[in-house]
Q: 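The structure that follows is given in the form of structure tokens.
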Amino acid sequence: MTQPPTENTGTDDTGAAAVGPLPAARGFASDNQASVHPDVLAALAAVNDGHQPAYGDDAVTARLREVVRQHFGPRAEVFPVFNGTGANVVSLQAMSERWSSVVCPESAHVNTDECGASEKIAGLKLVTVPTPDGKLTPELVAEYATGFGNIQRREPAVVSITQSTELGTVYTPEETAAVAVAAHERGLAVHMDGARIANAAASLGVPLRALTTDAGVDVLSFGGTKNGLLLGEAIVVLNPDAVRGLVYLRKSSMQLASKMRYVSAQLVALLDGNLWLRNATHANAMAARLEAAARAVPGVRITQAVQANTVFAIVPKDAADRLRKRFPFYTWDERTGEVRWVCSFDTTAADVDAFAAALAAETPS
């Protein structure tokens, strides 16, 4: 992906190099670039008093366990971690053996954007499946989950899906359940990369449990950073029988926070109430607004169904390059000119309208 500019590398009035952020302009590069929700900052301040036991034995993490079970069911176990890559790597390790393979879409974050962490750190083989919309199907699981009992090949152990997908599409509960059945029939566990699961739930109008526990998912990487947190994600084990050694793997993978209350407090702020849903619903609404405006611009073509908080479109390269100087965003595919625009909980209607106006001005009719 072509990255938007992120730094100003000019000089200050003494002649020394000045490196810092560009003038504040909310762009559409990623929900990772959004601010931290004020309620999350308030939650951090609220727990920043006195001493608490370390490594997850604190009262805040105990409260997080209760909240997570309210969303995902009484068997759910939660393990806060620092980031999404860590959540995915630890989850996949705990669900597999060193000789295992993981079936996932070709566009999956574990394949394209984690610097090979699952293969380097966990020693796994990713079996990648071409999909036009980023979603696996039972038929694709049957086609690619092969090689059982053959010592010459990595044996499939896990099917990993992403909700919502890297292409902005959403699995319905029924679609997830069908994939899970196909996986479980072959003895495979099901992992869900839920970096944007809140956006999927908001899009479909269903509770988090409907997309996970009730659909047969075994382990979830629950995303928070893209939905208003400062940092922190969580591994949510929905089926304890599907994992082993996760507590040790989290530590050996450098994902065990000593002052865990600060990660847990953010997740509690997100989940103990409807902040997760409000943030995701707003981000989705801004993406829908942006899609509608972009469709009205001659020369712009929307390439994927807009079902969550991302919009994919084909834009003339020259127009995209000019526009990117004013609003950060990524080119998703250099070959086709496909770009990605991501809306966040703090994206405003004014942000969208200003961007759409600039898009219309920069794109030749």
Side-chain angles (χ1 to χ4, degrees), residues 1-37 84 107 109 112-113 115 134 164 166-168 195-196 199 225-228 230 279 282-306 308-365:
M1 293 188 296
T2 298
Q3 299 187 9
T6 57
E7 290 186 333
N8 172 21
T9 55
T11 58
D12 61 20
D13 57 7
T14 67
V19 178
L22 289 169
R26 275 196 292 260
F28 297 86
S30 174
D31 35 14
N32 287 323
Q33 297 187 5
S35 61
V36 179
H37 194 280
S107 58
H109 198 272
T112 62
D113 291 299
C115 203
S164 54
E166 287 76 14
L167 299 181
R196 295 186 176 96
N199 300 95
T225 308
K226 291 176 170 60
N227 200 25
L230 172 64
N279 284 356
H282 177 79
N284 290 0
M286 292 300 98
R289 186 185 185 99
L290 177 54
E291 177 199 12
R295 283 190 184 278
V297 177
V300 174
R301 178 169 63 88
I302 304 299
T303 58
Q304 294 287 342
V306 179
N309 66 319
T310 57
V311 180
F312 287 80
I314 299 290
V315 178
K317 184 179 185 305
D318 290 346
D321 290 343
R322 291 192 298 269
L323 189 60
R324 192 179 290 110
K325 294 177 181 178
R326 300 167 60 184
F327 297 91
F329 64 90
Y330 290 101
T331 293
W332 187 258
D333 190 334
E334 295 282 359
R335 298 166 301 174
T336 64
E338 186 177 31
V339 300
R340 185 190 73 168
W341 302 318
V342 186
C343 295
S344 310
F345 83 90
D346 61 353
T347 302
T348 67
D351 293 333
V352 172
D353 294 347
F355 179 77
L359 174 65
E362 296 291 358
T363 305
S365 58

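As the structure is a computational prediction, the values presented were derived from the model and not from experiment.
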Q: Do the side chain of Arg340 and the main chain of Trp332 share a donor and acceptor less than 3.5 angstrom apart?
A: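 No, the answer is negative, given that no donor and acceptor are paired below the 3.5 Å cut-off.
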
Q: Take Asp346 and Ser35, measure what side-chain hydrogen bond (donor to acceptor under 3.5 Å, both in side chains) needs, and give me the verdict at the end.
A: CA-CA 7 Å; Asp346 61 353; Ser35 61; 2.9 Å; yes

Q: How long is the gap from CE on Met286 to CD on Glu291, to the nearest 0.5 Å?
A: 13.0 Å

Q: Compare every heavy atom of His109 with every heavy atom of Glu166, then report the nearest pair and how far apart it is.
A: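 Answer, listing the atom of Glu166 first, then His109: OE2-N, 2.7 Å.
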
Q: Over all heavy atoms of both residues, which pair between Ser107 and Thr112 is shortest? Give the atoms and the distance, please.
A: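 Looking at all heavy atoms of both residues, the shortest contact is O-OG1, 3.7 Å.
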
Q: Answer yes if the ring centres of Phe355 and Phe327 are under 6.0 angstrom apart, and no otherwise.
A: yes

Q: Return a table of donor-acceptor pairs under 3.5 angstrom between the side chains of residues 296-304 and protein atoms on other chains or two or more places apart.
A:
unit_1	atom_1	unit_2	atom_2	d
Thr303	OG1	Phe312	O	3.3
Thr303	OG1	Glu338	OE2	2.5
Gln304	NE2	Pro132	O	3.0

Q: What residue among Asn279, Asp31, Asn227, Asn284 forms side-chain hydrogen bond (donor to acceptor under 3.5 Å, both in side chains) with Asn309?
A: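 Between Asn309 and the candidates, side-chain hydrogen bond (donor to acceptor under 3.5 Å, both in side chains) is satisfied uniquely by Asp31.
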
Q: Check whether any side-chain heavy atom of Val339 lies under 4.5 Å from a side-chain heavy atom of Tyr330, and answer yes or no.
A: no

Q: Does the side chain of Thr310 reach to within under 4.5 Å of the side chain of Cys343, using non-hydrogen atoms?
A: no

Q: Determine yes or no for a side-chain-to-main-chain donor-acceptor pair under 3.5 angstrom, with Ser344 supplying the side chain and Thr347 the backbone.
A: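 The answer is no, because no donor-acceptor pair under 3.5 Å joins these two groups.
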
Q: Flag the pair Phe28 / Pro328 as yes when at least one side-chain heavy-atom distance between them is below 4.5 Å, and no otherwise.
A: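 No; the side chains remain at least 4.5 Å from each other.
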
Q: Where do Ala319 and Glu362 come nearest, in terms of heavy atoms and distance?
A: CB-O, 3.3 Å

Q: Please give me the minimum heavy-atom distance between Ala287 and Val311, naming the atom from each residue.
A: O-CG2, 3.5 Å

Q: Please evaluate residues Asp321 and Lys317 with respect to the criterion salt bridge (Lys or Arg N to Asp or Glu O under 4.0 Å), reporting the C-alpha separation (whole Å), side-chain torsions for both, the decisive distance (0.1 Å), and the verdict.
A: CA-CA 6 Å; Asp321 290 343; Lys317 184 179 185 305; 2.8 Å; yes

Q: State, yes or no, whether a side-chain contact exists between Trp341 and Val306 at a heavy-atom distance under 4.5 Å.
A: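 Not touching, per the 4.5 Å side-chain cut-off.
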
Q: Side chain to side chain contact (heavy atoms under 4.5 Å, CB included) between Phe329 and Ser30: does it pass, once the steps are laid out?
A: CA-CA 7 Å; Phe329 64 90; Ser30 174; over 6 Å; no

